[in-house]
Amino acid sequence: MTPMKIPMSSPDLTAADRQAVMDVLNTPVLSLGPKVLAFEQAFAAYTGAKHAIAVNSGTAGLHLCVRAAGVGAGDLVLTTPFSFVASTNALLFENAVPVFVDVDPKTGNIDTEQAADAVNNIQKYLPRKLDARPSAWKALLPVDVFGQPAPMDKINAIARQQGLKVIEDSCEALGASWQGRAAGRWGDYGVFAFYPNKQMTTGEGGMIVTDDDEAAAFMRALRNQGRAPGDTWLSHTYLGYNYRLDEMSAALGITQLQRLEEMLQKREQVAAWYAQRLAPLSGLELPTVLPQTTRMSWFVYVIRLSPHINRASFAARLEERGVPVRPYFLPIHLQPYMVERFGYRPGDYPVTEDLGARGLALPFSGVMTEAQVEYVCQALAETLESA
Ligand SMILES: *Cc1c(COP(=O)(O)O)cnc(C)c1O
């Protein structure tokens with residue numbers, strides 16, 4: 001095959017998207033203007049949420065939810081180490097204690113049996129090293145990994161039983177649904193993200209959805225340097241942040257959201273092209289979509305190599321053929337700052353570590369062509385033969 005150079009991911013942008021950003025640049029209002037409001041309204045309508053609060057990253061969104069849930073120093077929050085670091089970092093910003101349980105080997109989502117056990121038997125699940133005295137359970141923070149919702153019915157049941165808040169990290173799952181209900185709409189708060197490799201983009205950006213009036217007002221204040229309604233520019237009721245989304249990003253968000261369904265369908269098509277070509281190959285496992293996932297929203301396409309294959313050299317050989325791949329995820333508990341702070345060791349979360357050691361994200365986006373997918377699969381097949 002003639003060599004190709006395949007991008008890892010690409011945003012799906014049209015002339016209308018670019019024009020929307022240019023239109024803002026032709027006005028003097030680059031922040032705190034009408035575009036953020038319109039984006040929030042459109043997003044609330046799309047998700048059916050009472051409130052949508054735009055922020056300048058998914059991480060910022062998670063942090064505001066942690067504040068709104070009243071999570072503070074020493075508070076325990078149940079989450080998973082098989083995620084992008086932001087889901088755990090948002091807890092560490094408030095000196096809360098992330099309490100990890102392992103994940104389902106099929107999906108990489110939270111293992112709900114362990115979750116149910118952990119809320120009743122905390123001693124078994126605390127990290128071996130703690131710099132703050134643990135206080136009480138406050139919240140659950142499940143992650144919808146790779147665009148597949150966590151088992152949110154079970155998570156909500158645990159939360160209800162224990163009187164805990166639920167923060168759903170849906171940053172990878174815009175448009176997905178579990179048992180017919182949309183990702184991000186199960187917990188007290190749901191968070192989405194719009195980094196360029198996500199299902200839709202604003203450059204940088206994020207959105208919180210909630211039906212809680214009081215929490216929404218609080219998060220709006222915190223996003224804007226702690227200014228409560230009625231505060232002047234230089235009076236600040238709360239300790240807040242600058243987590244505002246700018247007008248150019250919001251304008252892009254509006255046009256992207258209008259095309260979201262079309263973009264999701266294109267991603268579905270790319271995933272189907274992959275599945276069709278990769279299914280006959282041995283030496284790898286394809287992503288599993290559970291029957292309860294009434295809609296998968298493809299964020300990345302992550303395969304798992306058989307244990308006997310050396311991933312690093314496999315990846316290097318694909319790179320030589322112009323096919324970039326990424327290990328996905330490197331477990332959070334083994335990141336250097338987590339090891340130092342909590343004393344985690346290899347072996348602590350075996351499923352997370354196994355998935356982390358064998359997972360390989362293939363090039364993926366809604367603008368990939370069938371020829372590009374074909375090229376990647378051909379390269380994979382040939383590399384597998386000699387692996
Ligand atoms: C993308 C992502 C986020 C948020 O990322 P930002 O870059 O801050 O927008 C949070 N959690 C998960 C699981 C993600 O994939």
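Sequence positions, counted from 1, serve as the residue numbers for this chain.
Shown here for Ala193 and Gly58, the closest heavy-atom pair between the two residues is CB-CA, 3.9 Å. When every heavy atom of Pro98 is checked against every heavy atom of Thr88, the shortest pair comes out as CG-CG2, 3.8 Å.
Sorted pairs that involve residues 237-258 and meet salt bridge (Lys or Arg N to Asp or Glu O under 4.0 Å), not counting sequence neighbours, are lacking altogether. For residues 69-84, every residue pair satisfying the salt bridge (Lys or Arg N to Asp or Glu O under 4.0 Å) rule, not counting sequence neighbours, is listed here: Asp75-Lys138. Listed by first and then second residue, the side chain to side chain donor-acceptor pair (under 3.5 Å) pairs that reach into residues 193-203 are Gln199-Ser297, sequence neighbours excluded.
A distance-only check finds a donor-acceptor pair linking the side chain of Asp111 to the backbone of Gln114 [under 3.5 Å]. The backbone N or O of Ala173 lies less than 3.5 Å from no partner atom in the side chain of Ser170, so there is not a single donor-acceptor pair. With Arg267 contributing its side chain and Trp298 its backbone, the two residues share a donor-acceptor pair below 3.5 Å.
By the 30° and 60° cut-offs, the orientation of the rings of Tyr344 relative to Tyr349 is perpendicular.
Of the charged side-chain nitrogens involved, none lies within less than 4.0 Å of a carboxylate oxygen, so that Glu385 and Arg317 do not count as a salt-bridged pair. Salt bridge status for Arg181 with Glu168: absent, with no side-chain N to carboxylate O gap under 4.0 Å.
By the side-chain contact (heavy atoms from CB on, under 4.5 Å) test, Thr107 is found to be paired with Asp104, Asn109, Gln148, Leu290, residues two or more places apart in sequence or in another chain being considered. Remark: Arg128 engages Asp348 in a side chain to side chain donor-acceptor pair (under 3.5 Å) (not counting sequence neighbours). Contacts of Asp231 classified as salt bridge (Lys or Arg N to Asp or Glu O under 4.0 Å), with partners at least two apart in sequence or in another chain: none. Under the salt bridge (Lys or Arg N to Asp or Glu O under 4.0 Å) criterion, Asp153 pairs with no residue at all, not counting sequence neighbours. By the side chain to side chain donor-acceptor pair (under 3.5 Å) test, Asp23 pairs with Gln19, sequence neighbours left out. The side chain to side chain donor-acceptor pair (under 3.5 Å) search around Thr255 returns Asp17, not counting sequence neighbours. Legend: residues meeting side chain to side chain donor-acceptor pair (under 3.5 Å) with Gln269, ordered by chain and number and at least two apart, are Trp273.
Within the hydrophobic cluster formed by Ile, Leu, Val, Met, Phe, Trp and Tyr side chains joined at under 4.5 Å, directly or through other members, Phe39 is accompanied by Val36, Phe43, Tyr46, Leu174, Phe192, Phe194, Met200, Met207, Val209, Leu245, Ile254, Leu257, Leu260, Met263, Leu264. Cluster partners of Leu239: none. The rule joins Ile, Leu, Val, Met, Phe, Trp and Tyr whenever side-chain heavy atoms lie under 4.5 Å apart, and it links nothing here.
Considering Phe364, Tyr301, Phe82, Phe84 as possible partners of Phe146, the one that fulfils the ring-ring contact (aromatic ring centres under 6.0 Å, His included) test is Phe82.
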